[in-house]
There are 2 protein chains.
Amino acid sequence: MREFSRSLPMSLLRAREAVMRQFRPSLRHHGLTEQQWRILRALTSVEAVEVTDLARLAFLLGPSLSRILRDLEARGLIERRSAEADLRRGVVSISPKGLKLIEAVAPTSEAIYAAITKRYGVRKLAELQAMLGALEESLAGLSGAEEE
Amino acid sequence: MREFSRSLPMSLLRAREAVMRQFRPSLRHHGLTEQQWRILRALTSVEAVEVTDLARLAFLLGPSLSRILRDLEARGLIERRSAEADLRRGVVSISPKGLKLIEAVAPTSEAIYAAITKRYGVRKLAELQAMLGALEESLAGLSGAEEE
DNA sequence: CCGATACGCTTAACATGTTAATCATCCCCG
DNA sequence: CGGGGATGATTAACATGTTAAGCGTATCGG
């Protein structure tokens, strides 16, 4: 069987962990987890979004998102309302307080990202991301991998 | 600020999820989670290992490993004992039952891996893994990213 | 208008990720 | 040998991942 530690899932896991290890201390210092940051970050790129769309943007599953939104709302970092045309849908937007927090964290995050980019190489980083995107697309059709 | 969805952490996360989505149904069918599989898989490559080394092999944190080992032992899939020279150290090995399970799952996993490899390309896959490894190494020194 | 069905979101339940604290054993030095 | 610090592993506490179930609202057909 394939050398376990060299499998693709492990390679991806280790690489991602190596990257996130750089960011976590700063986020933690601001009282944010990685996922909370993803959500706030995604909210800065839109005026408001429906919960389902936000889940797609932040790449979170519904249940995780529900819990985190409850917490972020309690902390006053986001605002919620219902869509007028469809009361099932929730609409979320970032609050002024949330924006302020983002602005406080962003400089450090940008600096870390810049350091990573410099170490790895701008060109190489772009190439890596292109290859990761291609991998995603390659597998898009295989999704129905069921049973033996 | 950088387009959020194109950040390196998100690219890595999505790529890994695209890959794991292929494997999870099969593992689940055999009553294994991804992490349990990683542990059993790692145990097949050695006669026995100490817990700390196993954590490194399977890329799990100590607490996660402790919980999973407790479960795997209760299910009879692994065996544990203490190192004779140092009672603090635990030594883990896969049981015959565990080996049997691995052998039942392996064919499907190998087939899925082969399908992924074929879709993406053998050469391209190797290149991707090399780039991921290089990324890890690039960041190895930065680990002390503390505060702003 | 009503009821069956679908849809959006949340809650539930269990497993893992993450950091801090705890516990037992070891090791070194006085 | 004996006590204090170091080390290996587990437990604790909280947040998220993952799948299934539940709840309220929409929608459509009769």
Side-chain angles (χ1 to χ4, degrees), chain A residues 9 13-14 16-40 49-56 58-75 77-78 80-92 146, chain B residues 9 13-14 16-40 49-56 58-75 77-78 80-92 146:
Chain A
L13 182 58
R14 282 202 296 250
R16 180 172 152 77
E17 176 53 29
V19 173
M20 287 315 303
R21 196 196 318 281
Q22 313 300 321
F23 290 97
R24 261 191 285 270
S26 166
L27 291 179
R28 179 177 177 74
H29 178 68
H30 289 282
L32 288 176
T33 65
E34 179 195 335
Q35 293 81 357
Q36 293 166 354
W37 166 255
R38 287 220 300 272
I39 292 174
L40 292 181
V49 280
E50 294 186 2
V51 172
T52 299
D53 295 328
L54 181 55
R56 190 171 35 71
F59 207 69
L60 293 170
L61 294 178
S64 295
L65 184 54
S66 274
R67 282 178 303 214
I68 301 174
L69 288 182
R70 188 207 311 148
D71 176 67
L72 292 180
E73 185 179 22
R75 290 160 67 182
L77 299 174
I78 64 167
R80 312 173 76 167
R81 58 185 176 78
S82 294
E84 297 154 15
D86 187 342
L87 295 182
R88 292 173 304 184
R89 299 167 189 272
V91 179
V92 185
E146 282 310 304
Chain B
L13 181 58
R14 282 201 296 250
R16 182 173 150 77
E17 176 55 28
V19 173
M20 286 316 302
R21 195 196 318 282
Q22 312 301 319
F23 290 96
R24 261 191 285 269
S26 166
L27 292 178
R28 180 176 176 74
H29 178 70
H30 289 281
L32 289 176
T33 64
E34 178 195 334
Q35 293 80 357
Q36 292 165 355
W37 165 255
R38 286 220 300 271
I39 292 174
L40 293 181
V49 281
E50 295 186 3
V51 172
T52 298
D53 296 328
L54 181 56
R56 190 171 37 70
F59 206 70
L60 292 171
L61 294 178
S64 295
L65 183 55
S66 275
R67 284 178 302 216
I68 302 173
L69 288 181
R70 189 205 312 147
D71 175 68
L72 293 179
E73 185 179 24
R75 291 159 68 181
L77 298 174
I78 64 168
R80 314 173 75 168
R81 58 185 175 78
S82 295
E84 297 154 16
D86 186 342
L87 294 182
R88 291 173 304 183
R89 299 165 189 273
V91 179
V92 184
E146 281 311 303

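Residue numbering restarts at 1 for every chain, and letters A, B, ... go by the order of the sequence lines.
- One distance of note links CG of B:L69 with CD1 of B:I39; it measures 5.0 Å at 0.5 Å rounding.
- Applying the salt bridge (charged side-chain N to carboxylate O under 4.0 Å, His left out) test to A:D71 and every residue at least two apart in sequence or in another chain returns A:R75.
- B:S64 comes within 4.0 angstrom of a nucleotide base, judged by non-hydrogen atoms across all strands.
- Residue B:R89 places no side-chain N or O under 4.0 Å from the OP1 or OP2 atom of D:dT10.
- Counting heavy atoms from C-beta outward, A:R24 and A:R28 have side chains that stay 4.5 Å or more apart.
- Among C:dT11, C:dG17, D:dA12, the nucleotide with an atom closest to any side-chain atom of B:P63 is D:dA12.
- Not a single donor-acceptor contact under 3.5 angstrom links the side-chain atoms of B:R88 to the base of C:dC26.
- Taking 3.5 Å as the limit, the base of C:dG17 and the side chain of A:R24 contain no donor-acceptor pair of atoms between them.
- Here B:L65 lies out of heavy-atom contact (under 4.0 Å) with every strand.
- Counting non-hydrogen atoms under 4.0 angstrom, B:R28 reaches the backbone sugars and phosphates but no base.
- Using a 4.0 Å heavy-atom cutoff across all strands shown, A:T33 reaches sugar-phosphate atoms only and no base atom.
- Taken from CZ in B:F59 to CZ in B:R38, the straight-line distance is 8.5 Å, to the nearest 0.5 Å.
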